[in-house]
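Down below is the structure, laid out as structure tokens.
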Amino acid sequence: MTGLAPDGGLLLPENIPDVSNELSWWQQLRYNDLAEQVMSRFFEMTPELQALISPSYATFRNAEVAPVVSWDGEPLHVMELFHGPTLAFKDVALQWLGNLFEYILEKQDSHLNIVGATSGDTGSAAIHGVRGKPRINIFIMHPQGRTSPVQERQMTTVLDENVFNLAVEGTFDDCQAIVKEMLGDVQLHRRYNLGAVNSINWARVLAQVVYYFYGVFRVQERTGAPAVDVTVPTGNFGDIFAGYVAMRMGLPIHRLVLAANDNNILERFFTTGEYRRGTVRPTLSPSMDIQIASNFERYLYYRTGCDAQKTAGLMREFASTGSIRMNDGDPAFAAGSAGMDETLGAIRWMKQRYDYIPDPHTAVGIHVARQQLVTDIPMLCLATAHPAKFPDAISQALDDVRAAHPLIDALEGLPVRCETMPADAAAVRRYVIDHAQTGSV
Ligand SMILES: *Cc1c(COP(=O)(O)O)cnc(C)c1O
């Protein structure tokens, strides 16, 4: 249930299974059955755990869960990961994680108080993952008035008793600092069984490994290609790291193409070898506006030949100097980035060429994918959000287009529940203590 090991490092499975011999029959499986197979290579799949999979994906509005859209004879393919309740790919992991946590808590007869900060997508996906679960309370802080109206409504219209939205009078960094302080308080942490659902949770990564198999299989079926390139719009390196795990399991991914926005620390790493901290700049793709990618440490472990000491040394060096350098490149990765004009241009290009509207995060990927296309290797682009989540960017790119989705239209005018709080750790702490679960139910 945690991503962080007691020594401060990130947890990883002891080894990554080689499934090369399973690929031909896995290709025949429906999404849920594929999820069961992939996951059962990492933990013992009991009937109870198996039973959590199908309800987790029954909340998706597409029976395939992660459908792949292709166009006749065209090299680009798009895997839509946005059919879950909050219309972003984070639902794929968090719908399952909510059910998994509930199952574990029931077995342990215990409870969990999740605290988190969000600038948008993560908070709403986490809330929708655990809403109505009797053993879990969730407290999500967002900077008041600074998340998009759609994202705010996706959180505050959830009225379940176990969901607490806190609008903090401050910035996202203020919210994060408060969360950090609370999670770092050992006594508070133990007394209230505090938890986080951030992207360093290994189970979250694992759930994402599944759709790489699903998507590559679909492209192979349609093209007959022996291997596929996959482009991933990247922020915290969680999603693309799942692709890297799939690749190490033997899935024929030719290259993982990392797509960044103006906050391109990871692009710079994969093109120059230098990983250097910068300052965060706001973009049209806010869920990728990060400078320090929390899952990157996991990649470094494999990059150093599975040397935990070396990995820890590099992380320490980065923490103290703000940069690290690695000399030879990694042929498993390519990387590129898209600025604002290129992102808007990619939205226009997709609309014109395929009559398809990508959200701005997906558009960053499309721009980079087109630059990285090579002959005879199809390119699978991950579509990480539905365009209706970011209507302003869409209308900026396409004058008279209003990106809409019935789920989002339905939020208009609904009652909301949200507590406004000063950006003061003591006040938030008091609120959480007053509303936390403290015993078994
Ligand atoms: C979170 C998010 C990303 C970035 O994913 P990481 O796993 O952090 O790299 C990209 N696009 C959207 C829409 C997101 O919500």
Side-chain angles (χ1 to χ4, degrees), residues 3 10 66 78-95 97 116-129 147-148 150-151 154-155 172 197-209 211-212 230-246 256-261 263-267 269-270 280 283-299 333 335 337-338 343 346-347 358-368 381-391 393-394 403 405 408:
L10 298 186
V78 172
M79 176 157 58
E80 296 182 340
L81 299 171
F82 52 68
H83 293 287
T86 73
L87 308 183
F89 87 92
K90 291 183 174 72
D91 289 327
V92 180
L94 288 169
Q95 286 290 303
L97 209 68
T118 191
S119 55
D121 286 343
T122 307
S124 58
I127 285 171
H128 285 262
T147 53
S148 82
V150 168
Q151 290 175 322
Q154 284 186 315
M155 296 190 281
F172 173 62
V197 279
N198 47 27
S199 68
I200 58 171
N201 182 291
W202 162 254
R204 217 178 130 173
V205 174
L206 176 55
Q208 293 174 191
V209 173
Y211 56 67
Y212 282 86
V230 185
T231 297
V232 189
T234 296
N236 266 316
F237 206 76
D239 195 0
I240 198 167
F241 179 73
Y244 184 67
V245 172
L256 287 161
V257 179
L258 182 147
N261 61 24
N263 300 293
N264 65 343
I265 176 172
L266 289 164
E267 179 203 16
F269 172 75
F270 283 106
V280 179
T283 70
L284 295 173
S285 43
S287 297
M288 293 155 63
D289 289 348
I290 63 99
Q291 278 291 344
I292 297 179
S294 49
N295 274 287
F296 188 65
E297 177 184 337
R298 288 196 161 111
Y299 166 72
F333 284 85
S337 63
T343 306
I347 295 173
D359 100 288
H361 302 78
T362 307
V364 166
I366 299 282
H367 175 81
V368 175
C381 297
L382 304 199
T384 52
H386 190 280
K389 284 197 90 163
F390 303 95
I394 301 303
H405 189 286
I408 287 174

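Just follow the structure's listing: the first ligand is 1, and inside any ligand the first atom is 1.
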Ligand-side contact atoms (ligand 1) for residue partner A385, heavy atom cut-off under 4.0 Å: 13 (C)
Proximal ligand 1 atoms for D121, defined as those under 4.0 Å from one of its heavy atoms: 12 (C), 13 (C), 14 (C), 15 (O)
K90: numbered ligand 1 atoms lying under 4.0 Å from its heavy atoms: 1 (C), 2 (C), 3 (C), 14 (C), 15 (O)
Those atoms of ligand 1 less than 4.0 Å from some heavy atom in T384: 10 (C), 11 (N), 12 (C), 13 (C)
Single hit among H386, H361, H405, K90 for side-chain contact (heavy atoms from CB on, under 4.5 Å) with F82: H386
For G238, atoms of ligand 1 separated by under 4.0 Å from a heavy atom: 6 (P), 7 (O), 9 (O)
Exam field: side chain H128 to backbone Q154, donor-acceptor pair closer than 3.5 Å: yes
Backbone of S285 reached by a side-chain donor or acceptor of N261 within 3.5 Å: yes
Ligand 1 contact by F89, heavy-atom criterion under 4.0 angstrom: yes
Under 4.0 Å to a heavy atom of P233 - the qualifying atoms of ligand 1, by number: 4 (C), 10 (C)
Side-chain donor/acceptor of R298 to backbone N/O of I200, under 3.5 Å: yes
Check: G84 main-chain N/O paired with Q95 side-chain donor or acceptor under 3.5 Å: no
Ligand-residue contact atoms, ligand 1 with M288, heavy atoms, under 4.0 Å: 10 (C)
For atom 4 (C) of ligand 1, closest protein heavy-atom neighbour: G235 N, 3.5 Å
Closest approach of any protein heavy atom to atom 8 (O) of ligand 1, naming residue and atom: N236 N, 2.7 Å
Parallel, tilted or perpendicular: rings of Y299 and Y244 (30°, 60°): perpendicular
D239 neighbourhood, listing ligand 1 atoms whose heavy-atom distance to it stays under 4.0 Å: 7 (O)
Taking every non-hydrogen atom, the tightest pair across V280 and D289: CG1-O, 3.5 Å
Candidates F269, F270, F241 - the one meeting ring pair (Phe, Tyr, Trp, His ring centres under 6.0 Å) with F333: F270
